[in-house]
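Let me begin by presenting the structure, written as structure tokens, before commenting on it.
Read the numbers this way: they start at 1 and go in the same order the structure lists the ligands and their atoms. Numbering starts at 1 and runs along the sequence shown.
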Amino acid sequence: MYNNLCQKDLIRLLLLEKGKDLGLLYQAAMKTRLENCGNAVYLRGLVEFSNHCRNSCLYCGINAENKSLKRYRMSQDEILAVAKEISQRGVKTVVLQSGEDIKMKPLWLAGIIKKIKRNFNLLVTLSVGEHSKEIFALWRKAGADRYLLKIESSTPSFYRNFHPRMSFKRRLNCLKALKKLGYQTGCGNIVGLKDQSLDSLAKDLLFFKKFDFEMLGIGPFIPHRKTLLARVKHGDKNLVLKSIALARLLNKKAYIPATTALGTIGGEKSILDALRAGANVIMPNFTPQKYQKNYSLYDGKKPLAKPGDKGFENLKKEIKKMGMIIL
Ligand code: SAH
């Protein structure tokens, strides 16, 4: 029934309101996840190590136009200390995320990747924006395993509305280069951007399938008070959940996180709802407290608690009740 979903099918399913058909969609997504990925929820330890950024993405609170933001860049020692904590708390992947920080030296990051691999035996995911093939290759050689680069929107004309001075083609070429270098590659979109059509959301889902991405981050747009989109309403939680379910049906084996943005608009319940809709990754936030508030992609950001902390252990219980286990 959900095989070979085409653009028209996807739009019809994205339009579903509460009721039997919507329940069936979530059930199908759950079943697909169970058959292809088992009942595990994978943990990824997130470190937001720099909020410097050269870009001006209209939705993003750390964009270069935000002059009132206090900028930071963690030192190598700080990052390694966090990596150590991540491994001590039983998490097997560290995600190093930052803005497009032009002062960050590629060799500096390569050194950190090498040390993390050598000392802590963690898998390393990078999420540091667009760079040249040579730099991607350098980090891959240093030991980076995965790379996240969301396309944000796969409709070039729509992408352009939100990304002044950036190029859709360049972003796409980055994704292709990452795949070629053997990174496990993650993509994704933002749901609920101003004037986004269901047609364009459906295209995003087909785009993810076409490139067969191994990871898919799908989250709601949330406004940030210091951006041009400050007064735009946040994305619809149910539309995000439906997108996650459809992404699962199309990319059966993908790692799909219950994103922090989703947790921000709907709390713990929406994290659980995302897992019920086919997601299978959660990302506890390990960014040191003193920096966390300055990695303000959007207002009200609610970082997910770390394993061992109360908030996380409560969530873990709920996840167990759903019949899933945290790995
Ligand atoms: N500079 C890196 C990492 C960006 S931050 C890169 O370009 O890939 C990680 C993600 O946060 C982005 O890909 C974007 O999808 C998301 N994000 C940023 N601002 C947001 C907002 N206001 N609402 C929802 N998601 C947002």
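- The closest heavy-atom contact to atom 7 (O) of ligand 1, among the options R171, M166, E130, comes from R171.
- Between the side chain of Q184 and the main chain of D145, no donor-acceptor pair closer than 3.5 Å is present.
- Judged by the shortest distance from any of its heavy atoms, Q97 lies inside the 4.0 Å radius around the atoms of ligand 1.
- Residue E152 touches ligand 1 through its side chain alone, judged by heavy-atom distances below 4.0 Å.
- With a 4.0 Å cut-off on non-hydrogen atoms, L297 touches ligand 1 through its backbone as well as its side chain.
- At distances below 3.5 Å, at least one donor-acceptor pair connects side-chain atoms of N280 with backbone N or O atoms of I256.
- Interface of C60 with ligand 1, defined as ligand atoms under 4.0 Å from a residue heavy atom, comprises 18 (C), 19 (N).
- Proximity annotation for atom 19 (N) of ligand 1: of Y147, F162, Y59, F221, Y59 comes nearest, heavy atoms only.
- Below 3.5 Å of separation, one finds no N or O of Y298 facing any N or O of ligand 1.
- Nearest to atom 1 (N) of ligand 1 among the protein's heavy atoms is S98 O, 3.0 Å.
- Among pairs with a residue in residues 16-42, those fulfilling salt bridge (Lys or Arg N to Asp or Glu O under 4.0 Å) read K31-E35, at least two apart in sequence or across chains.
- Residues F213 and A254 share a closest heavy-atom pair of O-CB, 4.0 Å.
- For atom 22 (N) of ligand 1, the nearest non-hydrogen atom from the set I222, L126, L148, N55 comes from I222.
- Ligand 1 places these atoms under 4.0 Å from at least one heavy atom of L149: 8 (O).
- Taking Ile, Leu, Val, Met, Phe, Trp and Tyr as hydrophobic and joining them when side-chain heavy atoms fall under 4.5 Å apart, one finds L34 isolated, its cluster having no other members.
- Of all atoms in ligand 1, listed by their number and element, those nearer than 4.0 Å to a heavy atom of P220 are 23 (N), 24 (C).
- In this structure, E48 falls outside the shell of residues with a heavy atom less than 4.0 angstrom from ligand 1.
- Without hydrogens or angle criteria, E313 side chain to G308 main chain gives a donor-acceptor distance under 3.5 Å.
- The heavy atom nearest to atom 6 (C) of ligand 1, out of those in G188, G219, G129, is found in G129.
- Taking each heavy atom of L198 and L239 in turn, the nearest pair found is CD2-CD1, 3.9 Å.
- S56 and E65 make their closest contact through OG-OE2, 2.5 Å (heavy atoms, listed as atom of the first residue, atom of the second, distance).
- Atom CZ of R225 is separated from atom OG of S68 by 7.5 Å, given to the nearest 0.5 angstrom.
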